[in-house]
Each structure stands twice: as C-alpha cells, then as structure tokens.
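Chain letters run A, B, ... following the sequence lines, proteins first and then strands; every chain starts at 1. Not measured: the values here are computed from a predicted model.
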There are 2 protein chains.
Amino acid sequence: MKKVTKKELSACPDCACFNIRKASRVITQVYEEAMSDTGLRGTQFTVLVVVAIHESIIITSLAEKLVMDRTTLTRNLKPLEKQKLIEIIPGADRRTRAVRLTAAGHEMLVIALPLWKKAQQKVAKFMGSERLDNLIGELRALEKIAVLP
Amino acid sequence: MKKVTKKELSACPDCACFNIRKASRVITQVYEEAMSDTGLRGTQFTVLVVVAIHESIIITSLAEKLVMDRTTLTRNLKPLEKQKLIEIIPGADRRTRAVRLTAAGHEMLVIALPLWKKAQQKVAKFMGSERLDNLIGELRALEKIAVLP
DNA sequence: TTACTAAAGGTGTATATACACTTAAAATCA
DNA sequence: TGATTTTAAGTGTATATACACCTTTAGTAA
C-alpha cells in the first residue's frame, strides 16, 4: 500500500486554501462578535451595504459585486428577507428580480455601521493600517485568479 | 427615518471580513477544481493531511491545529468517515476519541497530493512565489488576533 | 469519599457555500 | 415568424461553519 511521506506532507501547511480559509474563520468571528448586538452575520452586513450603495440591484449583478455564486446569494437573501431588512421587487423585465433595503434595513445599517467600524479599527490596530491595507490589496489581486481557465 | 450616507458606506468595501471571505471563496474553487477528480473538498484535503502528519490525533487537538471550532470539525469528519478515508478510534481515556487515516485515506492522499501541488503552483505562478509566501505570512499574522479579548 | 470543577465530545439550530439541474423569459437567428 | 440560444432565477443536494446547550468522564478540593 502506497503512503505519502512526511516530507511530502510538510509543504501542505503552506496551502493557500487552508491558510485563507483559516484566517477567514478567525476574522469572521471578530466582526460578528463586534456586531453581535445586531445579530447580523458578516456576510449579511456586506449584502446590506452593497444593496444600500446601489439603491436597487438585480440578483445576478449583486452576486457579481459580491464575487459570490448566484445560488449562494439567493440563499443568503432569505434570512435578510425574513427579518424584513430587504425586499425583493420586480426587475426591468419579467426574468429579473431586484433587491432593495427596507426602512428597517436602513435603520439596521445605522446601528451596524459604527460596530463594523470598531471591528475594522481593531483589526487595523492589530496589524497596523498600512499592513492591513496591503493585505487587502493582495487579497484583491489574488481573487483575480478566478477568471483564469 | 435615519439613513447612512453614501460617504459613510464608501469605506465598507475595504472591510477585512468581506475581502478575506471573498478571496476565500475564489481560492477554494481553484483548489477544488484542481482536485475534482478525487471529489475531495479543500477542507477535507486539509483534514486528511493534518491527520496523516499526526498518525493519530484526538478531536479537540485536531480542531486546534486546524483553527476550527470543535463542533465544526465533528461535522466535517462525517463525510470523510462515510467515505472510509478516516476512522475514529478510542482515545487515551474514555472521554477522548482519536482520528486516524484508513488505508483508503492514505491512498487518497497519494492521488490528491500531486493535484493539490498543481493548484498551489498555479496560484504561486499567478501571484509570484514571493508575493504568495508573504501573503500567507500576513494571513498567519492576522489570525493571531483570535486570542485577543 | 463526596461534591465541585474542568475537560472532551455530541446535538439542535441557523447560516454560508456552490454544483448540477430545471424553468421561464428575452434576444437572436434563419 | 418560428426555432434556437442566451439570460435570469430557483431547487435539490451536500458540505462548511459556529453558537448554545447537554452528557459523560476525569481531576480536584473539602
């Protein structure tokens, strides 16, 4: 029976996928802890913000802005809709559906935004602003790999 | 009714949580596409590797190595167990349970490791090795924020 | 030794994620 | 115009994630 050697395995802890998912778990907890009074999850906050920026945006476009699979977004919208923070309205033609914030959604952002800012500042303080900015820039560069064949 | 201004929202796309989760989605797809012949998910590959490195490791320790909530790991072990890639054996005392690879688990790593390496090289080529190493280092530094109060 | 505390683990519940597949409507082509 | 293709969206299924809560067992203190 074949077995991989310890030596071969030794490179795996430097896996980009492992390290980014790991950091993602940790950072998500930092932000969700900061926003725990609102009950908003990290992803939910992001969705609300992008919807707020666009006033009204169709689902496929929103998914593109979020770099998120469209079917994932469909599911992610559900809890926000249940909480009546967003509403789904008819789009330009009969195929499309658009998302927009409700009044409650706007109010939620008023509460959540300072809490988010606190989390962002905590992270910036921990890493240093410049290092954090650079890290985010590198993540943006990395994600461009998505379009490659 | 209060509303946040566009100006206030303009900082949010620089959210560390958003950007790291976004990059995490993209990179996960790169690795899973590369390993699609095996049917292994990114997380599953990582679990197999860490278990292989430790021969046998109790669940709580494994969760710590993975920087993953223990209850998440419990769930993540299920599909690996169902595929008989790992087995759960009694630990040192009656509270503990340990994870170890089966023969099939070892064989799977023999197949998956070169596929993983190809993905890792693709990412390294895209970003540049040095930049990628630096990025991973920064992610490791960032995740240290977990222990803070 | 008994009672309390700490450690290890699992379950209920809810959200996040995406692939394969399906349906419906719009756009384009022959 | 009618047929084909493209676009938008939802569902089924499976995995990933973690909090709150519970049970069992081990360790420790009174």
At their closest point, which heavy atom of [X] faces which heavy atom of [Y], and how far apart are they?
X       : Y      : value
L101(A) : E87(A) : O-OE2, 4.5 Å
A63(A)  : R70(A) : CB-CA, 3.8 Å
I136(B) : D14(A) : CD1-O, 3.1 Å
I89(B)  : S56(B) : CD1-OG, 4.2 Å

Near DNA chain C, under 4.0 Å by heavy atom, which residues of [range]?
range                      : result
residues 79-110 of chain B : R95(B), T96(B), R97(B)
residues 19-39 of chain A  : none
residues 49-73 of chain A  : M68(A), D69(A), T71(A), T72(A)

Identify each donor-acceptor pair in which a side-chain atom of residues 19-27 of chain A lies under 3.5 Å from a protein atom, sequence neighbours left out, and give them as a table.
unit_1 : atom_1 : unit_2  : atom_2 : d
N19(A) : OD1    : K22(A)  : NZ     : 3.2
N19(A) : OD1    : R140(B) : NE     : 3.4
N19(A) : ND2    : P13(A)  : O      : 2.9
N19(A) : ND2    : C15(A)  : O      : 2.8
R21(A) : NE     : T43(B)  : OG1    : 3.3
R21(A) : NH1    : T28(B)  : OG1    : 2.9
K22(A) : NZ     : E143(B) : OE1    : 2.8
K22(A) : NZ     : E143(B) : OE2    : 3.1
R25(A) : NE     : V67(B)  : O      : 3.0
R25(A) : NH2    : L66(B)  : O      : 2.7

Sugar-phosphate only, base, or nothing, as touched by R41(A) at under 4.0 Å among non-hydrogen atoms: sugar-phosphate

Less than 4.5 Å apart, any side-chain heavy atom of [X] and any of [Y]?
X       : Y       : value
T96(A)  : I59(A)  : no
Q44(A)  : Q83(A)  : yes
K65(B)  : H54(B)  : yes
L48(A)  : L40(A)  : yes
M127(A) : L142(B) : yes

First-last contacting nucleotides on DNA chain D - partner chain A, under 4.0 angstrom, heavy atom: dT7(D) to dC19(D)

ring-ring contact (aromatic ring centres under 6.0 Å, His included) against F45(B), all qualifying residues, sequence neighbours excluded: W116(B)

Over 12 foreign heavy atoms within 6.0 Å of NZ, K6(A): yes

